Engineer: 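Below you will find the structure I want to go over with you.
All of these numbers come straight from a predicted model, not from anything done at the bench. First the proteins, then the strands, lettered A, B, ... as listed; each starts at 1.
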Number of protein chains: 2
Amino acid sequence: MKTTVYKNHYIQACIDNPGSIFKNLKIGEQEVLVKNHSYAHYHKGEIIFKEGEKPPGLISLASGKVKIFKEGVGGREQILRMVKPAGILGFRALFAGVAYSASAIAIEDSTICIIEKDALFKLVRESPELSLKIIKMLSYELGFSNNRTVSLTQKHIRGRLAESLLVLKDTYGFEKDGKTIKAYLSREDIANLSNMTTSNAIRTLSTFAAEKVIAIDGRKIKILDPLKLNRISTLG
Amino acid sequence: MKTTVYKNHYIQACIDNPGSIFKNLKIGEQEVLVKNHSYAHYHKGEIIFKEGEKPPGLISLASGKVKIFKEGVGGREQILRMVKPAGILGFRALFAGVAYSASAIAIEDSTICIIEKDALFKLVRESPELSLKIIKMLSYELGFSNNRTVSLTQKHIRGRLAESLLVLKDTYGFEKDGKTIKAYLSREDIANLSNMTTSNAIRTLSTFAAEKVIAIDGRKIKILDPLKLNRISTLG
DNA sequence: CCAACGGTGTGTTTTATAACATAATAAGTA
DNA sequence: TACTTATTATGTTATAAAACACACCGTTGG
């Protein structure tokens with residue numbers, strides 16, 4: 001089956017999504033976004049941007065899933081956050097007026113919309129509502145980052161992995177069964193999200209499965225006992 | 001010697017500081033801040049706000065030094081950032097419209113100005129320049145937090161401590177000698193900034209001193225070899 | 001067809017760092 | 001002044017998690 005996709009399909013999807021920061025913008029303002037954007041497709045595993053590059057504009061994810069990560073000591077990758085459709089990426093560097101300090105890779109086939117920098121800044125200057133939404137969004141991200149700093153440094157392996165599974169669940173939600181996390185990461189990505197080695201991620205996932213907290217079927221992870229998973233996460 | 005302090009001395013100091021987000025505001029806008037603020041003094045060690053409380057407004061540090069920290073597993077404290085005069089605190093919770101997710105304690109005698117919430121939001125709505133400055137400031141903080149997440153999780157003790165000393169230097173600068181860090185933290189605070197135990201902070205500081213990278217005299221820390229300290233920090 | 005390869009899974013060893021213990025010193029405080 | 005109490009210092013032990021090693025898939029491709 002071939003799906004016909006109209007010219008402004010992707011940007012409209014970004015704007016209309018209930019979670020979008022562009023939702024509820026005036027028609028004229030939405031028009032500015034439509035007129036000043038471009039889009040691009042990425043296959044699973046492809047790089048969207050790399051640490052050190054300069055942001056050409058604000059990127060909004062139209063479809064797919066993206067990981068944002070930094071390379072640390074010895075090239076070891078730490079995933080900072082996961083992006084879902086209508087989420088934006090590269091905004092920090094753009095707003096701070098600096099180069100990207102993290103990289104973005106599609107972990108599923110993805111489509112992005114790039115809103116041209118000057119048009120966006122003009123819009124922000126003219127719309128206090130948009131400004132406040134961006135301020136709120138940045139505040140949320142900062143809180144998330146602060147939380148992660150403490151969790152990743154203080155919690156033990158089990159707590160860190162449990163928290164990461166909950167983060168994935170909160171970001172991407174469940175499949176129709178209400179149990180399967182709607183995200184299929186490699187064990188390595190799960191490890192890089194949880195600040196541990198791949199072997200330890202695999203090992204600890206197995207332990208969780210043996211304890212009937214989760215069920216594993218390849219990359220499919222089912223949360224069987226959400227309360228217990230929460231308890232493991234909070235107790236560290 | 002008694003120093004006479006006029007009614008608006010503190011808020012004016014916050015506004016006029018070159019690093020302030022309120023610098024370059026129009027006279028009328030500055031007037032709003034002056035008319036809608038209160039101030040308070042805190043002694044070294046006193047709590048300014050606690051995790052869970054609701055922010056009454058935006059706090060700007062008029063004088064002194066403040067640590068922002070979160071309590072993690074088993075009440076273990078992780079310092080997220082250090083605030084210097086004209087820096088603001090509690091902004092994240094205020095802008096996100098939620099309770100504080102971290103606590104603030106004065107590590108020196110400090111004076112804060114509290115800018116009343118509604119007046120501030122009105123100002124933000126009316127001034128795109130202020131909005132953009134706040135967006136930029138939040139972006140900077142988010143970048144800082146992301147960096148710290150990776151450093152604190154991946155670097156070894158020596159690297160973490162070296163980085164923390166550099167963070168203190170970058171925040172508070174040097175004394176007139178151009179070497180002594182203008183901040184006198186307890187070993188415990190240094191440890192909580194660097195994600196390590198107090199004993200390890202003490203031990204590693206001693207090692208740095210033995211290696212002539214720093215010189216210690218009580219709480220006074222002199223950076224003798226900035227290049228080597230940088231190298232220790234970046235190599236992890 | 002088999003080889004090569006990326007991803008998974010599991011056991012063993014090593015090590016960085018926390019946890020613990022105990023002084024020694026400094027700083028308040030009665 | 002002496003008496004607590006906090007802070008700094010250092011040595012020892014225990015342990016969580018990395019590092020390493022190897023085996024087992026399922027794919028891809030020559």
Engineer: What is the distance from CD1 of B:I216 to C1' of D:dT10, rounded to the nearest Å?
Structural biologist: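 After rounding, the reported distance stands at 13 Å.
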Engineer: Show me the pairs that pass salt bridge (Lys or Arg N to Asp or Glu O under 4.0 Å) and involve residues 52-69 of chain A, at least two apart or across chains.
Structural biologist: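 Passing the test, one end in residues 52-69 of chain A: A:K65-A:E108, A:K67-A:E77, A:K67-A:D189.
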Engineer: Sequence neighbours excluded, which residues qualify as salt bridge (charged side-chain N to carboxylate O under 4.0 Å, His left out) partners of A:R148?
Structural biologist: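 So A:R148 forms a salt bridge (charged side-chain N to carboxylate O under 4.0 Å, His left out) with A:E163.
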Engineer: Between A:R81 and A:I68 (side chain of the first, backbone of the second, donor and acceptor by atom type, cut-off under 3.5 Å), is there such a pair?
Structural biologist: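 Looks like no, no N/O pair under 3.5 Å.
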Engineer: Rounded to the Å, how far apart are A:I190 CD1 and C:dG7 C1'?
Structural biologist: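 Computing the A:I190:CD1 to C:dG7:C1' distance gives 12 Å.
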Engineer: Within the 4.0 Å limit for protein heavy atoms, which parts of nucleotides 24-29 of chain D are touched? Write it as a string from 5' to 3', B for base, S for sugar-phosphate only, - for none.
Structural biologist: ------
Engineer: Within the distance-only criterion (no hydrogens, no angle test), does the side chain of A:Y172 pair as donor or acceptor with the backbone N or O of A:V83 below 3.5 angstrom?
Structural biologist: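 Pair found, side chain donor or acceptor close to backbone of A:V83.
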Engineer: Reckon B:T197 has a side-chain N or O less than 4.0 Å from the OP1 or OP2 of C:dA18?
Structural biologist: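 Indeed, a polar side-chain atom of B:T197 lies that close.
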Engineer: Taking the nucleotide of DNA chain C with the closest heavy atom to each, which residue, A:S199 or B:N200, is nearer the 5' end?
Structural biologist: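 Here A:S199 is the residue nearer the 5' end.
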Engineer: When you measure from every atom of DNA chain D, which of residues 65-80 of chain A have a heavy atom less than 4.0 Å away?
Structural biologist: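 Under 4.0 Å from DNA chain D: no residue of residues 65-80 of chain A.
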Engineer: Quick one: side chains of residues 226-236 of chain B, donor-acceptor pairs under 3.5 Å with protein atoms, not counting sequence neighbours, listed by atom name and distance.
Structural biologist:
unit_1	atom_1	unit_2	atom_2	d
B:S233	OG	B:K155	NZ	3.3
B:T234	OG1	B:N230	O	3.0
B:T234	OG1	B:R231	O	3.2

Engineer: Return yes if some donor-acceptor pair links the side-chain N/O of A:E175 with the main-chain N/O of A:T180 below 3.5 Å, else return no.
Structural biologist: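 Between the backbone of A:T180 and the side chain of A:E175 there is no qualifying donor-acceptor contact (under 3.5 Å).
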Engineer: Would you say the side-chain atoms of A:S103 pair up with the backbone N or O of A:E51, donor to acceptor, closer than 3.5 Å?
Structural biologist: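 Yes; judged by distance alone, with no hydrogens or angles, the pair exists.
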Engineer: Over all strands shown, is A:N195 touching base, sugar-phosphate only, or nothing at heavy-atom distances under 4.0 angstrom?
Structural biologist: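 Sugar-phosphate, backbone atoms only, no base.
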Engineer: Going by salt bridge (Lys or Arg N to Asp or Glu O under 4.0 Å), name the pairs with one or both residues in residues 192-220 of chain A, residues two or more places apart or in two chains.
Structural biologist: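 Salt bridge (Lys or Arg N to Asp or Glu O under 4.0 Å) check on residues 192-220 of chain A returns A:R158-A:E211.
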Engineer: Please collect all ring-ring contact (aromatic ring centres under 6.0 Å, His included) contacts where either partner lies in residues 77-107 of chain B, sequence neighbours excluded, each pair once.
Structural biologist: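 Qualifying pairs: B:F49-B:Y100.
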Engineer: Measure from the side-chain N and O atoms of A:Q78 to the backbone N and O of A:N192, and report whether any donor-acceptor pair falls under 3.5 Å.
Structural biologist: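 Yes, because the side chain of A:Q78 sits within donor-acceptor range (under 3.5 Å) of the backbone of A:N192.
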Engineer: Output the residues of residues 154-161 of chain B in contact with DNA chain C, where contact means a heavy atom of the residue under 4.0 Å from an atom of the strand; sort by number or write none.
Structural biologist: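 Residues of residues 154-161 of chain B that come under 4.0 Å of DNA chain C are, in numerical order, B:H156, B:I157, B:R160.
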Engineer: For a 4.5 angstrom cut-off between non-hydrogen side-chain atoms, does B:R160 reach B:T204?
Structural biologist: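 They are not in contact (no side-chain heavy atoms under 4.5 Å apart), so the answer is no.
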Engineer: B:I214 pairs by side chain to side chain contact (heavy atoms under 4.5 Å, CB included) with which of B:L165, B:I181, B:L161, B:D225?
Structural biologist: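 The residue from B:L165, B:I181, B:L161, B:D225 that satisfies side chain to side chain contact (heavy atoms under 4.5 Å, CB included) with B:I214 turns out to be B:L165.
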Engineer: Keeping A:S20 on the side-chain end and A:D16 on the backbone end, is there a donor-acceptor pair under 3.5 Å?
Structural biologist: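 It does not hold such a pair.
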Engineer: Rounded to the nearest Å, what distance is computed from the CG atom of residue A:D189 to the P atom of nucleotide C:dG7?
Structural biologist: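 Going from CG in A:D189 over to P in C:dG7 covers 9 Å.
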Engineer: With heavy-atom distances below 4.5 Å as the criterion, would you say the side chains of B:I11 and B:I115 are in contact?
Structural biologist: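 The answer is yes; the side chains approach within 4.5 Å.
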Engineer: Note the angle between the end axes of the helix from C:dC1-D:dG30 to C:dA30-D:dT1, five pairs defining each, rounded to 10 degrees.
Structural biologist: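 Nearest ten degrees gives 30° for this helix.
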Engineer: Whether the side chain of A:S145 engages the backbone of A:E141 through a donor-acceptor N/O pair (distance < 3.5 Å, no angle test) should be reported.
Structural biologist: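 Judged by distance alone, no pair lies under 3.5 Å.
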Engineer: Whole-Å distance between C:dT8 P and A:R187 CZ?
Structural biologist: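 In whole Å, C:dT8 P and A:R187 CZ are 6 Å from each other.
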Engineer: Assess the side chains of B:T149 and A:T149: does a donor N or O sit below 3.5 Å from an acceptor N or O?
Structural biologist: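 Side-chain D/A pair, B:T149 to A:T149: present.
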Engineer: Tell me if a side-chain donor or acceptor on B:K70 pairs with a main-chain N or O of A:N147 at a distance below 3.5 Å.
Structural biologist: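 Not at all, since once roles are kept as given, no pair shorter than 3.5 Å links the two residues.
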Engineer: Please identify each residue that fulfils side-chain hydrogen bond (donor to acceptor under 3.5 Å, both in side chains) with B:S139, with sequence neighbours left out.
Structural biologist: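 Per chain and number, B:S139 pairs via side-chain hydrogen bond (donor to acceptor under 3.5 Å, both in side chains) with no residue.
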Engineer: Could you state the interatomic distance from CG (B:D109) to NZ (B:K44), rounded to the nearest 0.5 Å?
Structural biologist: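 Between atom CG of B:D109 and atom NZ of B:K44 there are 8.5 Å.
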Engineer: Output a table of nitrogen or oxygen pairs between the protein and nucleotides 23-27 of chain C separated by less than 3.5 Å.
Structural biologist:
none

Engineer: What is the distance, to the nearest angstrom, from the CE atom on B:M196 to the P atom on C:dA19?
Structural biologist: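 In whole Å, C:dA19 P lies 13 Å from B:M196 CE.
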Engineer: Is there a side-chain polar atom (N or O) of B:R219 under 4.0 Å from OP1 or OP2 of D:dT8?
Structural biologist: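 For D:dT8, OP1 or OP2 has a side-chain N or O of B:R219 closer than 4.0 Å.
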Engineer: Within residues 202-215 of chain A, find the residues that approach DNA chain C with a heavy atom at under 4.0 Å, and present them sorted by residue number.
Structural biologist: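 Correct list: A:I202, A:R203, A:S206.
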